[in-house]
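All values reported here derive from a predicted model rather than from experimental measurement.
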Amino acid sequence: MGVTVQKRRDARWRAVWASWRPDVRAAWTALWTSRLLVWAAGLGAVAVWGIHATHRANFDPGGVTRPFGAVGDLLVGPGARWDSVWYLNIANDGYGAGSADRAAFFPLYPMVVRAGGWVVGSPLVAALLVSFVTFLMALAALHRLAVIEVGPEAARWTVVALALFPGSLWFSAAYSESLFLMVSVGAVLCARKERWAWAGVLGALGAATRSAGLLLMIPLALLWWEARRAHPTRVPWRTAGWLAVVPLGLAAFCGYLAVDGESARAPFSSQDTWHRALKGPWTGVADGATAAWDGARQLVHGPPPPTYFDKAVGDAMAIGRHNVALFACLLIAVPALVGAFRRLPLAHAAYAFFALLLPLSYPVVPQPLMSLPRFEAVLYPLFLWLGWWLARGPAWRRVAVLGVFAVGLAACSALFTTWHWVA
């Protein structure tokens with residue numbers, strides 16, 4: 001009897017693996033080719049230009065991104081800069097009473113890194129492994145979702161476009177982007193297959209990973225409503241209760257902070273420390289356009305007086321160049337968002353709309369669109385549409401778009417690895 005049960009289990013797992021094999025194969029190809037580009041560009045930039053020692057000393061005084069000696073630190077460099085310091089410090093020491101600045105970084109990723117650090121002996125190695133593995137799983141889930149929504153050929157270009165997108169730099173860094181992409185795409189895929197319990201649980205994990213995770217309720221609720229309308233007997237009302245699980249991820253974080261001696265509102269109030277303030281819907285668009293125009297003028301007429309951000313980006317001219325590049329990233333997202341509304345189910349497009357609205361309503365001074373490429377990279381609907389558009393067009397379209405993406409990814413990797421501010 002036991003042997004029969006085991007055989008059935010083995011057969012079931014073989015069937016599961018066989019069904020996922022095309023998705024994993026597409027994800028693996030996209031991952032290793034894009035990460036080879038990230039590491040080659042990053043290490044090449046260090047060999048040519050060296051590392052900005054001042055930025056490294058100012059933003060990583062404890063040396064958490066360089067624990068391995070000269071060679072080891074060089075090899076992990078393309079994945080361990082800037083906000084990696086915050087995640088690694090939280091993984092090492094927790095949040096702690098009075099450290100409200102850390103509350104801007106949600107807990108699931110540093111928790112997983114901390115657990116992984118106990119296993120492999122190094123939080124930094126664990127962080128990079130978590131990012132790589134979850135990125136692979138996210139790409140596989142995205143490929144499967146894309147096959148459902150836009151077809152097999154478009155699914156291939158969806159994962160390739162996302163892997164080469166300049167903002168994908170952070171998927172292999174000690175950042176939470178890859179984990180969030182995995183749980184968010186996984187939640188939507190489960191909802192698409194009417195597995196509401198898994199959708200709710202993964203949505204809650206998303207809400208514990210990033211502040212935008214709470215917005216996963218939008219696609220999950222819309223997908224549930226569509227499934228309910230189409231098959232009311234198969235999707236009873238009680239299944240909607242699983243959607244209420246999503247906010248529990250955020251509630252658990254706030255509750256933990258309160259118990260730990262910090263304000264339960266710290267994840268929201270800490271945004272003030274990072275110079276983000278709510279100015280109203282879409283104000284970041286106008287502010288970003290103004291900043292980009294000023295940045296273009298600076299290239300001709302010279303920089304304004306220095307500001308606080310000079311410490312991070314080097315000089316006001318760099319701020320101006322960044323503002324121009326960030327506004328270009330916003331312009332790239334516009335046709336993809338419009339295309340998502342025209343081609344994809346409303347659940348996906350609505351999620352992209354509101355997830356993009358969030359950072360554009362909280363502009364940063366003097367870089368209103370700061371971190372926009374990171375926010376765009378996890379908006380899977382934009383890439384679903386882009387994959388569909390690339391699949392329908394001639395070969396030169398794919399070469400042009402993916403070529404521009406690859407150049408941008410290499411440039412961002414070079415800047416990031418040499419401790420120059422990116423996005």
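For the atom pair Leu36 CG and Ser172 OG, the distance stands at 11.5 Å (nearest 0.5 Å). Within the model, atoms CG of Leu202 and OG1 of Thr209 stand 10.0 Å from one another, a figure rounded to the nearest 0.5 Å. Taking CG from Leu415 and OG1 from Thr418, the interatomic distance works out to 5.5 Å, rounded to the nearest 0.5 Å. Of the inter-residue distances, the one linking Arg228 atom CZ with Trp224 atom CH2 reads 5.5 Å to the nearest 0.5 angstrom. The CD1 atom of Ile332 lies 14.0 Å from the CG atom of Leu337; values are rounded to the nearest 0.5 Å. To the nearest 0.5 Å, atom NE2 of residue His348 and atom CZ of residue Arg192 are 6.0 Å apart.
Cation-pi contact between Arg210 and Phe180: present, with separation from the ring centre below 6.0 Å and deviation from the ring axis of at most 45°.
Residues satisfying the salt bridge (Lys or Arg N to Asp or Glu O under 4.0 Å) criterion with Glu376, sequence neighbours excluded, are absent altogether. Residues forming a ring pair (Phe, Tyr, Trp, His ring centres under 6.0 Å) with Trp396 (at least two apart in sequence, or on another chain): none. Residues passing the salt bridge (Lys or Arg N to Asp or Glu O under 4.0 Å) test with Arg229, sequence neighbours excluded: Glu226. Residues that satisfy the side-chain contact (heavy atoms from CB on, under 4.5 Å) test with Leu248, not counting sequence neighbours, are Val245. Under the side-chain contact (heavy atoms from CB on, under 4.5 Å) criterion, Glu153 pairs with Arg156, Trp157, Ala391, sequence neighbours left out. Residues that satisfy the salt bridge (Lys or Arg N to Asp or Glu O under 4.0 Å) test with Arg66, not counting sequence neighbours, are Asp60. Residues passing the ring pair (Phe, Tyr, Trp, His ring centres under 6.0 Å) test with Phe165 are Phe383, Phe405, sequence neighbours excluded. Partners of Arg56 by salt bridge (Lys or Arg N to Asp or Glu O under 4.0 Å), not counting sequence neighbours: none found. Annotation: side-chain contact (heavy atoms from CB on, under 4.5 Å) contacts of Ala146 (sequence neighbours excluded): Val150, Ala155, Thr158, Leu384. For His143, the ring pair (Phe, Tyr, Trp, His ring centres under 6.0 Å) criterion is met by no residue, not counting sequence neighbours. Residues satisfying the side-chain contact (heavy atoms from CB on, under 4.5 Å) criterion with Arg14, sequence neighbours excluded, are Asp10, Ala11.
Of all non-hydrogen atoms in Arg35 and Ala163, the two that sit nearest each other are NH2-O, 2.9 Å. Across Leu257 and Ala103, no two heavy atoms sit closer than the pair CD1-CB, 4.0 Å. Of all the heavy atoms in Pro368 and Gly284, the pair that sits closest is CB-O, 4.3 Å. For Thr233 against Pro236, the heavy-atom pair with the smallest separation is O-CD, 4.1 Å. Minimum heavy-atom separation, Ser413 to Leu169: OG-CD1, 3.7 Å. Nearest approach of Cys190 to Ala199, heavy atoms of both residues: CB-N, 3.8 Å.
Between His55 and Phe59, the ring planes are perpendicular. Angles over 60° get that label, and only those under 30° would be called parallel. Below 30°, between 30° and 60°, or above 60°: for His52 and His420 the angle between ring planes is above 60°, a perpendicular geometry. Aromatic ring pairs are classed by plane angle as parallel below 30°, tilted from 30° to 60° and perpendicular above 60°; the pair Trp86 and Phe105 is parallel.
Side-chain contact check for Leu360 versus Leu369: some heavy-atom pair is nearer than 4.5 Å. You'll find the side chain of Thr290 stays beyond 4.5 Å of the side chain of Asn323, heavy atoms only. With contacts defined as side-chain heavy-atom distances shorter than 4.5 Å, the pair Val160/Arg398 does not qualify. Looking only at side-chain heavy atoms (C-beta outward), Arg144 and Ser19 come within less than 4.5 Å of each other. Residues Phe253 and Pro267 have side chains in contact (heavy-atom distance under 4.5 Å, counting atoms from C-beta outward). Two residues are said to be in side-chain contact when any heavy atoms from C-beta on lie closer than 4.5 Å; Leu181 and Phe171 meet this criterion. Thr283 places a side-chain heavy atom less than 4.5 Å from the side chain of Pro363. Looking only at side-chain heavy atoms (C-beta outward), Tyr256 and Pro107 stay at 4.5 Å or farther from each other.
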Output a table of donor-acceptor pairs, distance under 3.5 Å, between side-chain atoms of residues 114-141 and any protein atom two or more places apart or on a different chain; print 'none' if there are none.
from, atom 1, to, atom 2, distance (Å)
Arg114, NH1, Ala91, O, 2.6
Arg114, NH1, Asn92, O, 3.0
Ser122, OG, Leu124, N, 3.4
Ser122, OG, Val125, N, 3.3
Ser131, OG, Tyr109, OH, 3.0
Ser131, OG, Ala127, O, 3.1
Ser131, OG, Ala173, O, 2.6
Thr134, OG1, Val130, O, 2.6
Thr134, OG1, Ser131, O, 3.3
Thr134, OG1, Ser178, OG, 3.0

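At a cut-off of 3.5 Å, with distance as the only test, no side-chain donor of Arg374 or Ser168 sits close to an acceptor on the other residue. Using a 3.5 Å distance cut-off with no hydrogens or angles, the side chains of Tyr380 and Ser184 do not pair a donor with an acceptor.
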Check your understanding: Leu215 and Tyr351: side-chain contact (heavy atoms from CB on, under 4.5 Å), yes or no, with the steps?
Key -> CA-CA 7 Å; Leu215 296 178; Tyr351 170 62; 4.1 Å; yes
Exercise for review: Before giving the answer on side-chain contact (heavy atoms from CB on, under 4.5 Å), spell out for Val24 and Arg21 the whole-Å C-alpha distance, their side-chain angles and the decisive distance to 0.1 Å.
Suggested key: CA-CA 5 Å; Val24 174; Arg21 187 177 299 160; 5.9 Å; no
**Study point:** Verdict with reasoning, Leu250 to Phe268, per side-chain contact (heavy atoms from CB on, under 4.5 Å)
**Key:** CA-CA 11 Å; Leu250 174 60; Phe268 311 101; 3.9 Å; yes
Review point. Checking side-chain contact (heavy atoms from CB on, under 4.5 Å) for the pair Ser211/Phe106: CA distance, chi angles, key distance, verdict?
Key: CA-CA 7 Å; Ser211 57; Phe106 276 47; 3.9 Å; yes
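Other residues, nucleotides and ligands place more than 12 heavy atoms under 6.0 Å from the CZ atom of Arg397. Counting heavy atoms of neighbouring residues, nucleotides and ligands inside a 6.0 Å radius, atom CH2 of Trp20 exceeds 12 of them. With a 6.0 Å radius and a threshold of 12 heavy atoms from other residues, nucleotides or ligands, Trp196 has its CH2 atom above the threshold.
Aromatic ring centres of Trp32 and Trp39: separated by at least 6.0 Å. Trp419 has its ring centre less than 6.0 Å from the ring centre of Trp82.
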